[in-house]
Amino acid sequence: MTRKLHGPRTPNQQFLRLACDLGSHTFPGVAGHMTPLDAAFLELEEGDESAHMHVGWAMVFDPRPDGGAPSADEVRALLDERLKLLPRFRCRLSAPRTGTLTWPAWEADEEFDVGNHVRHATLPAPGGEAELHEWLGDFYSHRLDRAHPLWEMVLLDGLEEGRWALVAKVHHCLVDGMSGSSVTTVILDAEPEPAPGSKGVLAELGLAGEDEEHRGALGRIADGARAGVDVALHPRKFGPLLDRARALADLLIRDELHGAPQTSLNVDIGGTRRFDATVVPLEDLKSIKRQLGGTVNDVVLAATAGGLRQLFEQRGEEVADTVRAMVPVSLRQASESLALGNRVSSLFVDLAVAEPDPLLRYRHTSAAAADLKRAGQAGGADALMELAGLAPPAIHGVVARIAFAPRLFNLTITNVPGPPMTLYALGAPLRRVLPLVPIFAGHAVGVAAVSYDGEVAFGLNADRGLVPDLGELRAGIEGSLDELRELAASAAGPGGDTASRAAA
């Protein structure tokens, strides 16, 4: 195919091409070559038409001081200026599909126009939660076009009480959950009227450390075949990966003998999505973990286990004692806020959905997560994809599909900490963030939680046809949190018997 010829490049175009070519260790936010995990999300999408490997966020704002929402042109102008912090958002894939011997690289899109990535839509009346969730389900049902930079944003107005939203969709090969949350903040400010020329809150988070980026540069610079040759010539490089992979060996052996149970949520899925959400005070989750032990993430997992229990009961479905959740764990350092790509691994946590006692369900879930962290399973899962990355992409794609198969886990649950204070965009305060995690082939439900400004929002993504009762999962999560709040209050008050029940 002959590429279109262009005239002389502007300084911005020259910088963008150089940034895409040289990679993130030279220009933070860009990686010329993909890591194995980044490439896996492309391969998963290629392997099944039902899999849409984008993450998403809906940011809901109050009206601006003068009333109403900004125009799409205002959003485009602000993004066009601030995306200079994240040059990869102006880059496209060098090829639309992964090859048999090499993965695509990021290359400058010399015809990039932010107007092609930001559009306007109006929510149908009356603009309440039902209409918003219905609209989000449809928006997330459509894949991103691989011929262009892999992101899209919609200015959505017509929400009740004059509110409006910015809804983003970004391919998972471009960002993981934590760096993805930073991408949403590229448009946000710490104050309603920032100083002229402000780069927003993202610019204040700092750049990725050069040394940290260089330590992982080998896999970005070499393709799969060259990396395999490099390990053959320098076998000592293989040792650290094997050491980390041993932590995953127990899981893989256990999976062969006792895989994740089959449920009605683990069948062939379609391409359309259903979305639902619930929002709770962050302090409630913190109070639960203070009184019952564990972490906020344990509360998210236990609440989801309670929600799944209610969903299965309403379906009249008997499942095994536990279902297995893949829980992404960020390996990203604080200095890597602007570094894109995936720095994430996973824990595979068994959720005690058959346990009727909410306290025991919480204790079992918390203990299971803690045991896996102590065993180093997250590092092992990361090593598995790196080891697979030493093979050519044709083989790596097979490994990727096995690693994300329902044989290994039943659903994904992710929890991302967001900014603890109120942020603003174009003069309006951001009130709520609704997250979305993609669902893999053979997985009909995914749960994402994100904290922001004193709240935690649970975003539920599901196959539209297979999960018409997604509201049962949401109600079950809400009910489970109510039970845990009562237990925490009992433990905090005089005469509470929570501790004795936990010891029983």
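Since the structure is predicted, the reported quantities are computational estimates derived from the model, not experimental observations.
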K.L.:
Does a donor on one side chain and an acceptor on the other come within less than 3.5 Å for H171 and E45?
P.N.:
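Indeed, the side chains of H171 and E45 share at least one donor-acceptor pair under 3.5 Å.
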K.L.:
Apply side-chain contact (heavy atoms from CB on, under 4.5 Å) to the pair D453 and L430, showing each step before the final yes or no.
P.N.:
CA-CA 9 Å; D453 196 18; L430 172 61; over 6 Å; no
K.L.:
Mind listing the closest non-hydrogen atom pair of T304 and I477 along with its distance?
P.N.:
CA-CG1, 4.0 Å
K.L.:
Could you tell me if the side chain of P126 sits less than 4.5 Å from the side chain of E160, heavy atoms only?
P.N.:
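No, side chains not in contact.
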K.L.:
Under 4.0 Å between a Lys/Arg side-chain N and an Asp/Glu carboxylate O for R309 and E355?
P.N.:
no
K.L.:
Any heavy-atom pair between the side chains of V201 and P419 that's under 4.5 Å?
P.N.:
no
K.L.:
Consider only side-chain N and O atoms of R464 and S141, and report whether a donor and an acceptor are under 3.5 Å apart.
P.N.:
no
K.L.:
For F61, check ring pair (Phe, Tyr, Trp, His ring centres under 6.0 Å) against everything at least two apart and list the hits.
P.N.:
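W164.
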K.L.:
Under a 3.5 Å distance rule, please check whether S287 uses its side chain to pair with a backbone N or O of E283 as donor and acceptor.
P.N.:
no
K.L.:
Quick check on E317: does its CD atom have over 12 non-hydrogen neighbours (other residues, nucleotides or ligands) under 6.0 Å away?
P.N.:
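Yes.
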K.L.:
Tell me the closest heavy-atom pair linking D463 and R273, and the distance in Å.
P.N.:
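Here D463 and R273 meet closest at OD2-NH1, 4.2 Å.
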K.L.:
Report the residues that fulfil side chain to side chain donor-acceptor pair (under 3.5 Å) with R485, sequence neighbours left out, ordered by chain and then residue number.
P.N.:
D284, D482
K.L.:
If the condition is ring pair (Phe, Tyr, Trp, His ring centres under 6.0 Å), which residues does Y140 pass it with, not counting sequence neighbours?
P.N.:
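Y140 satisfies ring pair (Phe, Tyr, Trp, His ring centres under 6.0 Å) with no other residue.
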K.L.:
Does any non-hydrogen side-chain atom of T414 lie less than 4.5 Å from one of M326?
P.N.:
no
K.L.:
Is any side-chain heavy atom of L136 less than 4.5 Å from a side-chain heavy atom of D138?
P.N.:
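Contact flag for L136/D138 side chains = no.
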K.L.:
When you compare the side chain of V299 with that of L481, does any pair of heavy atoms fall below 4.5 Å?
P.N.:
yes
K.L.:
How close do A277 and H133 get, counting heavy atoms only, and between which atoms?
P.N.:
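That closest heavy-atom pairing would be N-CE1, 3.7 Å.
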K.L.:
Between D189 and R82, which heavy-atom pair has the shortest distance, and what is it?
P.N.:
OD1-NH2, 2.7 Å
K.L.:
Work out which heavy atom in A72 is nearest to a heavy atom in H120; give both atom names and the distance.
P.N.:
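Nearest heavy atoms, A72 then H120: CB-CB, 4.1 Å.
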K.L.:
For A121 and V154, work out which heavy atoms get closest and say how close.
P.N.:
CB-CG1, 3.9 Å
K.L.:
With the side chain counted from C-beta on, respond yes when N266 and H443 share a heavy-atom pair under 4.5 Å apart, and no when they do not.
P.N.:
yes
K.L.:
If we ignore angles and hydrogens, is there a donor and acceptor under 3.5 Å between the side chains of H364 and D350?
P.N.:
no
K.L.:
W151 vs F89 aromatic rings, parallel, tilted or perpendicular, using cut-offs 30° and 60°?
P.N.:
tilted
K.L.:
Go through the side-chain N and O atoms of S50 and D48 and say whether any donor and acceptor fall under 3.5 Å apart.
P.N.:
yes
K.L.:
Would the distance check show the side chain of N410 and the main-chain N or O of R324 forming a donor-acceptor pair, the cut-off being under 3.5 Å?
P.N.:
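Yes, the answer is positive, given that a donor and an acceptor are paired below the 3.5 Å cut-off.
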